[in-house]
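Notes follow once the structure below has been shown.
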Amino acid sequence: MRTLKSRKDFEHVFTQGKRYNHPLIRMVICGSSNEGDPGRVAFVAAKRLGCAVVRNRSKRVLREAARTCRLPRDGYEIILFATPKTRTSSPAEMMAALESLCVRAGLDG
């Protein structure tokens with residue numbers, strides 16, 4: 001799974017991307033800057049969510065949900081944010097939430 005890493009890439013997704021919200025996940029999605037690029041994804045858990053253990057668990061659950069939903073898709077850059085409800089949700093709930101966001105974003109195909 002390829003990930004977004006540089007500040008420039010994050011800024012590009014934030015400025016050009018479209019936002020989708022769910023109580024368990026927030027998603028920002030943007031078309032890739034170069035045509036034909038493989039997709040990339042980033043997982044973010046803010047410090048206000050809790051200690052490092054909580055943030056790391058939230059990102060692990062997000063990664064697993066992204067893997068089962070076959071993210072990232074070619075030609076898209078995606079940032080997934082953990083929310084306070086992410087901490088207590090099960091992986092199955094996260095997968096269902098991410099699938100609904102993908103359908104709303106037009107990534108269902």
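Because only heavy atoms are used, hydrogens play no part in the values below, and waters and symmetry mates are left out as well, while side chains stay in.
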Item to check | Tyr20-Leu24 co-clustered via ILVMFWY side chain contacts under 4.5 Å | outcome: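 Cluster IDs for Tyr20 and Leu24 match.
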What I'd like to find out is whether the side chain of [X] reaches to under 4.5 Å of the side chain of [Y], using heavy atoms alone.
X: Asn56; Y: Lys59; answer: yes
X: Val13; Y: Leu4; answer: yes
X: Val44; Y: Phe10; answer: yes
X: Glu77; Y: Ile29; answer: no
X: Ser100; Y: Val103; answer: no
X: Thr83; Y: Pro23; answer: no

Hey, what do you get for [atom1] ([X]) to [atom2] ([Y]), rounding to the nearest 0.5 Å?
X: Arg67; Y: Arg63; atom1: CZ; atom2: CZ; value: 7.5 Å
X: Ile78; Y: Met27; atom1: CD1; atom2: CE; value: 6.0 Å
X: Lys8; Y: Glu11; atom1: NZ; atom2: CD; value: 10.0 Å
X: Glu99; Y: His22; atom1: CD; atom2: NE2; value: 11.0 Å
X: Ser58; Y: Leu80; atom1: OG; atom2: CG; value: 12.5 Å
X: Arg55; Y: Arg87; atom1: CZ; atom2: CZ; value: 11.5 Å

Item to check | Step-by-step side-chain contact (heavy atoms from CB on, under 4.5 Å) determination, Cys30 to His12 | outcome: CA-CA 8 Å; Cys30 176; His12 170 73; 3.5 Å; yes
Item to check | cation_pi(Arg26, Phe81) dist<6.0 Å, angle<=45 | outcome: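 Yes, a cation-pi geometry.
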Closest heavy-atom pair and its distance - [X], [Y]:
X: Leu49; Y: Ala82; result: CD1-CB, 3.6 Å
X: Met94; Y: Ile25; result: CE-CG1, 3.4 Å
X: Pro72; Y: Arg2; result: CG-O, 4.2 Å

Item to check | Stepwise side-chain contact (heavy atoms from CB on, under 4.5 Å) test for Val28 and Lys18 | outcome: CA-CA 5 Å; Val28 181; Lys18 183 143 173 58; over 6 Å; no
Checklist entry - If we ignore angles and hydrogens, is there a donor and acceptor under 3.5 Å between the side chains of Thr86 and Ser89? => result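 Side-chain D/A pair, Thr86 to Ser89: absent.
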Next on the checklist: Between Phe43 and Ile79, is the side-chain contact (heavy atoms from CB on, under 4.5 Å) condition met? List the steps.
Outcome noted: CA-CA 6 Å; Phe43 305 96; Ile79 301 175; over 6 Å; no
